[in-house]
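All figures in this text were calculated on a predicted structure; none of them were measured in a lab. For the single chain, residues carry numbers from 1 onward in sequence order.
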Amino acid sequence: SGKTLIISTKTIDQIHLYFRTIKQIIEETIIEKFDKSKSVSRDNELRGFKIECDYNKISTFRNKLIEFDFIHNEITLKDFRKIFDGEKPTKKIIWKKPLNNLHSLIKLMFEENIILQNEEKKWVITAMSFSILTKEKIKEFDSNKIRTANKTSNKAEDNIRKVLKLSELL
């Protein structure tokens, strides 16, 4: 609730870089602690979402997200499948639409029982599994940013539903 005054001879960009670096170190430390605990119990490991369906539906889901320009086509089916097969992601999916569209997709997948596990961690898993492409730059976001994203337009929501229906997940 207090305010902090920073006096520095650095430029604002240097200060931003400094705080991003600190944030990254803190996040990596937390993940490292989390990774150490996996030797005790694999159930505590933070992994991707688990969709109970066959391989072809996940492949179709990926292809439809690409076709509707929601995600970048550089994500391989193998990496995409890891994220939606309950494994620990090795590569992030690049989301090309506004963040609120991603929020709506994940929320809808839980509401429609496409994803059944880890609902309480859905925004952490989303931030761990996706990056966003804005103005030709790939950016990371945290769970709070995706959790608090604004409501999606009806047209975007319709396209999200269409992707899920065409993938035979809905």
Side-chain angles (χ1 to χ4, degrees), residues 1-38 44-49 61-62 64-84 86-111 115 117-161 163:
S1 64
K3 293 186 179 183
T4 303
L5 175 65
I6 298 174
I7 300 173
S8 175
T9 59
K10 306 290 184 194
T11 67
I12 192 73
D13 289 336
Q14 290 170 322
I15 293 170
H16 280 259
L17 179 61
Y18 174 75
F19 282 113
R20 276 197 303 269
T21 304
I22 290 172
K23 180 181 177 222
Q24 183 179 359
I25 290 168
I26 291 168
E27 288 172 347
E28 287 172 1
T29 304
I30 291 168
I31 290 169
E32 191 175 298
K33 269 189 177 178
F34 207 84
D35 283 350
K36 284 180 185 172
S37 68
K38 78 179 172 187
N44 291 335
E45 182 180 2
L46 196 56
R47 293 177 265 174
F49 298 110
F61 180 45
R62 174 189 169 269
K64 293 301 173 188
L65 285 171
I66 291 169
E67 181 184 322
F68 281 75
D69 209 33
F70 282 105
I71 66 170
H72 198 281
N73 64 358
E74 85 171 26
I75 187 82
T76 65
L77 180 56
K78 181 181 176 187
D79 290 327
F80 185 87
R81 185 161 175 74
K82 278 186 179 181
I83 291 170
F84 288 101
E87 295 180 36
K88 189 171 182 178
T90 52
K91 188 173 183 183
K92 289 188 174 193
I93 297 170
I94 299 171
W95 187 260
K96 295 169 69 177
K97 299 282 187 183
L99 202 57
N100 60 354
N101 287 207
L102 178 57
H103 174 101
S104 292
L105 172 68
I106 300 301
K107 185 176 175 208
L108 182 62
M109 290 177 81
F110 275 96
E111 287 172 357
I115 302 171
Q117 301 170 346
N118 294 320
E119 185 166 10
E120 69 285 350
K121 298 177 186 172
K122 67 184 169 206
W123 305 126
V124 174
I125 295 170
T126 303
M128 177 180 83
S129 304
F130 289 84
S131 297
I132 189 159
L133 182 66
T134 53
K135 298 178 185 169
E136 304 302 317
K137 287 187 179 182
I138 298 170
K139 295 182 178 181
E140 304 300 315
F141 56 88
D142 62 21
S143 58
N144 193 48
K145 189 163 182 129
I146 183 72
R147 182 182 59 79
T148 59
N150 296 332
K151 183 163 172 26
T152 305
S153 70
N154 288 339
K155 185 177 189 283
E157 191 108 8
D158 289 345
N159 283 337
I160 290 166
R161 282 190 174 278
V163 164

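Screening residues 64-73 for salt bridge (charged side-chain N to carboxylate O under 4.0 Å, His left out) gives Lys64-Glu67, Asp69-Lys96 as the qualifying pairs, with residues at least two apart or on separate chains. Pairs of residues two or more places apart, or lying in two chains, that qualify as salt bridge (charged side-chain N to carboxylate O under 4.0 Å, His left out) and include a residue from residues 12-24 are Lys23-Glu27. Among pairs with a residue in residues 138-150, those fulfilling salt bridge (charged side-chain N to carboxylate O under 4.0 Å, His left out) read Lys92-Glu140, at least two apart in sequence or across chains.
In this structure, the separation between CG on Leu105 and CG on Leu65 is 6.5 Å, given to the nearest 0.5 Å. To the nearest 0.5 Å, the span separating CH2 on Trp95 from OG1 on Thr134 amounts to 14.5 Å. Considering CG of Asn159 and CG of Asn154, their distance stands at 11.0 Å, rounded to 0.5 Å. For the atom pair CD1 (Ile93) and OG (Ser131), the distance works out to 9.5 Å, reported to the nearest 0.5 Å. Distance check, rounded to the nearest 0.5 Å: CD1 of Ile132 to CG of Asn101 gives 8.5 Å. To the nearest 0.5 Å, atom CD1 of residue Ile160 and atom NZ of residue Lys97 are 9.5 Å apart.
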Q. Would Phe61 and Arg81 count as a side chain to side chain contact (heavy atoms under 4.5 Å, CB included) if you check the C-alpha gap in whole Å, the side-chain angles of each, and the deciding distance to 0.1 Å?
A. CA-CA 10 Å; Phe61 180 45; Arg81 185 161 175 74; over 6 Å; no

Q: Quick one: do Val163 and Arg161 satisfy side chain to side chain contact (heavy atoms under 4.5 Å, CB included)? Show the steps, please.
A: CA-CA 5 Å; Val163 164; Arg161 282 190 174 278; over 6 Å; no

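For the side-chain hydrogen bond (donor to acceptor under 3.5 Å, both in side chains) test, residues two or more places apart in sequence or in another chain that qualify with Thr90 are Asp79. Glu111 pairs by the salt bridge (charged side-chain N to carboxylate O under 4.0 Å, His left out) definition with Lys107, not counting sequence neighbours. Contacts of Phe141 classified as ring pair (Phe, Tyr, Trp, His ring centres under 6.0 Å), with partners at least two apart in sequence or in another chain: none. With sequence neighbours excluded, the residues that form a side chain to side chain contact (heavy atoms under 4.5 Å, CB included) with Ala149 are Asn100, His103. In terms of the side chain to side chain contact (heavy atoms under 4.5 Å, CB included) criterion, residue partners of Ile94 (sequence neighbours excluded) are, by chain and number, His72, Glu74, Leu133, Ile138. The salt bridge (charged side-chain N to carboxylate O under 4.0 Å, His left out) search around Arg62 returns none, not counting sequence neighbours. Scanning for side chain to side chain contact (heavy atoms under 4.5 Å, CB included) contacts around Lys122 gives Phe49, Ile106, Phe110, Glu119, with sequence neighbours left out. Qualifying side chain to side chain contact (heavy atoms under 4.5 Å, CB included) partners for Ile12, counting only residues two or more places apart in sequence or in other chains: His16.
Shown here for Lys82 and Lys88, the closest heavy-atom pair between the two residues is CD-O, 4.2 Å. Contact detail for Gly48 and Pro89: the closest heavy-atom pair is N-CD, 4.0 Å.
Residues Leu99 and Ile146 have side chains in contact (heavy-atom distance under 4.5 Å, counting atoms from C-beta outward). Within the 4.5 Å cutoff, no side-chain heavy atoms of Trp123 are placed close to those of Asn144.
Ring geometry, Phe68 versus Phe70: the interplanar angle falls under 30°, so the pair is classed parallel (tilted spans 30 to 60°).
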